[in-house]
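Letters go in sequence order (proteins before strands), and every chain restarts at 1. All values below come from the heavy atoms of this structure, side chains included, with hydrogens, waters and symmetry mates left out. Values in this document were obtained by computation on a predicted structure and should not be read as measured data.
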Amino acid sequence: MKHYLKLVNFELSRFIKIYLVLILITIVSQLTGTFIQANDYLNQVQQVLAVDSLTPEQFIEENGYLDMLDITFSLWIAGPIALCITVLILYSFFIWYRDWNGKNTFIYRLLMLPTQRITIYFAKVTTILLMVLGLIALQLLLLPVESMMLKWMVPLDFRIDMTVGQIISDTRYMNILIPDTFFGFIIAYGIGFMAVLILFTVILFERSYRWKGIIFGIIYSIGAFILFLSPFLFEAFFQVYFFYPIELLVIEIILWMLVSGISIWVGNYLLNKKVSV
Amino acid sequence: MRYSKLIAMLLVIVVIIPVFYIQSAVKGSEYPEFVFETESGNDEEVKNLTLRANYREGISMDRTHGDQLLIDSDGSNYYGELSYFERLDGGYIDSDIQQLQDEYRSFMRGKMYNPSQFTEDEEKIAYASENSDGQELNIELLDKQSEEETEFTIRIPNTYHRIYVEGVQLRDEKVFVITRNYVYHTGSLSSEEFHVYEIDVINQELNTDQVIAGEAGSPNREVVYRGLVEHANEHSDYIAVQIDTAVSDHNSEMYSEEQMETELYLYNLGSGEGETVELPNDLQESESIQTAVIDESTLYGKRITEDGLEIIAFSLEEKDITNRMMIDLPDTNQLPLNLFHHMEIKDNKMYLVMNPIPPGSILVIDLATEELLYQGTIKFVNPEEERKDYYLNVNDVSL
């Protein structure tokens, strides 16, 4: 356990610089974007009211209120999120491959540690997970701040206030990242976690068997997805809706445990027997 | 500190994310509350009434897409307040379907959630669906007593590109399937036909295929709209299709109200006979019939007059108006111009829900005595004074 924590801490430290940069970019872009968009709206209001001599009500009729959705649907908010997702996906690969970099391969020392090798595997998964959740937490902190900016800047007559929950639910891409319910959250990130496990297993196949490994890896991941998605594939193939939603949920939980378990087991096997330094 | 980064991250995650979900759930929601407010009459009458509605703040241009809610005599419940498990279906399910699913779980497995495709009597449940892109009808039956399931397919004469099942009825050992069939022609024109398929359950074969509400009007009138008139329950022998025709005017796309005529094509399931029925002037407004309901052999339509809302009872046997009821509403000239209000009829009582809201009105009328048993509104209990434009759209009414 102690080794696990040390390794997690170690992995975090390795990535912290890039991580902090991502956080900074996100904060700056989102706050700036909020300010700019609110300002643009206000300018538009001023202009239209002065030039076209409309009353506020008329302006609203033609242009609508300003709400947080006008902000979240912009690149200022969505951009950094997309950037963070991309970087984290890339790092999911790099978190392994960097250990093989250079001549004095770090992986040699890593594998010689007096610990179960699977600990390394778990430490890396944990790190990725923590970093993803950390960014989610960041977004949950930023949204109320941005909302408040809107409240300060735009008069009540021209805006609609939404709760953070409503903003997230109504913004499709955010709702995928932050589901409406806690249980939904567990499910979404459980699936993400499983996907990372599959990815790690594929990487380990490559590190064990090189070119052949890539083929094995691809076959493995296809097999894993087929297994996990089997109820849906079944329904699609036979062109029926067969399962009630709650049944699908139970089946999927079981399949999730199966696929995750198999991925960890195969990863462990490869790490212990086959990985070459 | 050695584990400072790890601890910092864990703290942030474990505090912020759960707190977000807890406060989302516990907040009791910022959703506005709607209640039934009685203006006159007995509020027992709306005890079993449930409205499914959509609430939206702002005006139609705003992106807030609206929240689904159910309103009944206890108040309002929003879809967003339900737990993850309660939301697995992806939306509110029609209450009839929900009931069937609860009682006959295995028979209902995998079937579409469309109430028009089901029918039920004391002994059986029947379900009809389209197969093979318009070539076949799939019929499934459940004997409620023996729990025996029967399934068979009927080949449909002629070819259609698409068939929509709009109604299913059971009579003795026959299943009637009412469909809307489309044939697509080149150039994006399509022709539409209503059919009544009479199917023999015992021999599992098609008895008759009747086209109803076929071409109507005269050479210089074209059919603008066809729609099946809603039934209050399964007992009526009458199927009515509303047909709107207008003077063919190839110059303009719009039809003026004076040019439009509404008539009914009436088909009797018992006798198998069909005929076109002209409607009296008072029922000539298309929306009067689009929102009408057939109860046994009477069609109830409504229209707005200077004196208020008029409910017109049109007998399908005598093909004439047999009764009228005038409901005096306080702000008749504030009523929305269209008549898209919901009407349900149960146990000889009529339930009317006016839409969109504001202003909202719920009326319960005893059809036998013509007494207004209940009049009320859907009141917006405003938690904040800052609330602005909103509207509430009632999509469904159930009892």
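- Looking at Ile186(A), there are no atoms closer than 4.5 Å to chain B (heavy atoms on both sides), in backbone or side chain.
- Ile187(A) touches chain B through its side chain: at least one heavy atom from C-beta onward sits under 4.5 Å away, while N, CA, C and O do not.
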- Could you go step by step and tell me if Thr181(A) and Arg87(B) meet the side chain to side chain contact (heavy atoms under 4.5 Å, CB included) rule? CA-CA 10 Å; Thr181(A) 59; Arg87(B) 288 195 252 179; 3.1 Å; yes
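- A salt bridge links Arg109(B) with Glu247(A); the closest basic N to acidic carboxylate O contact falls under 4.0 Å.
- When heavy atoms are compared at a cutoff of 4.5 Å, Phe15(A) does not approach chain B at all.
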- Before giving the answer on side chain to side chain contact (heavy atoms under 4.5 Å, CB included), spell out for Leu88(B) and Tyr244(A) the whole-Å C-alpha distance, their side-chain angles and the decisive distance to 0.1 Å. CA-CA 9 Å; Leu88(B) 280 176; Tyr244(A) 281 105; over 6 Å; no
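- For Ile16(A), the part lying near chain B is the side chain, with the backbone staying farther off; criterion is any non-hydrogen pair under 4.5 Å.
- When all heavy atoms of Asn9(A) and Ser4(B) are compared, the pair lying nearest together is OD1-N, 4.4 Å.
- In terms of heavy-atom proximity, Pro245(A) sits nearest to Asp89(B) at CG-OD1, 3.2 Å.
- Classified by interplanar angle (parallel below 30°, tilted 30° to 60°, perpendicular above 60°), the ring pair Tyr21(B)/Phe182(A) is perpendicular.
- Between chain B and the residues Leu138(A), Val8(A), Ile178(A), the most heavy-atom pairs under 4.5 angstrom are made by Ile178(A).
- Smallest separation of non-hydrogen atoms from Leu6(B) and Leu12(A): CA-CD1, 3.6 Å.
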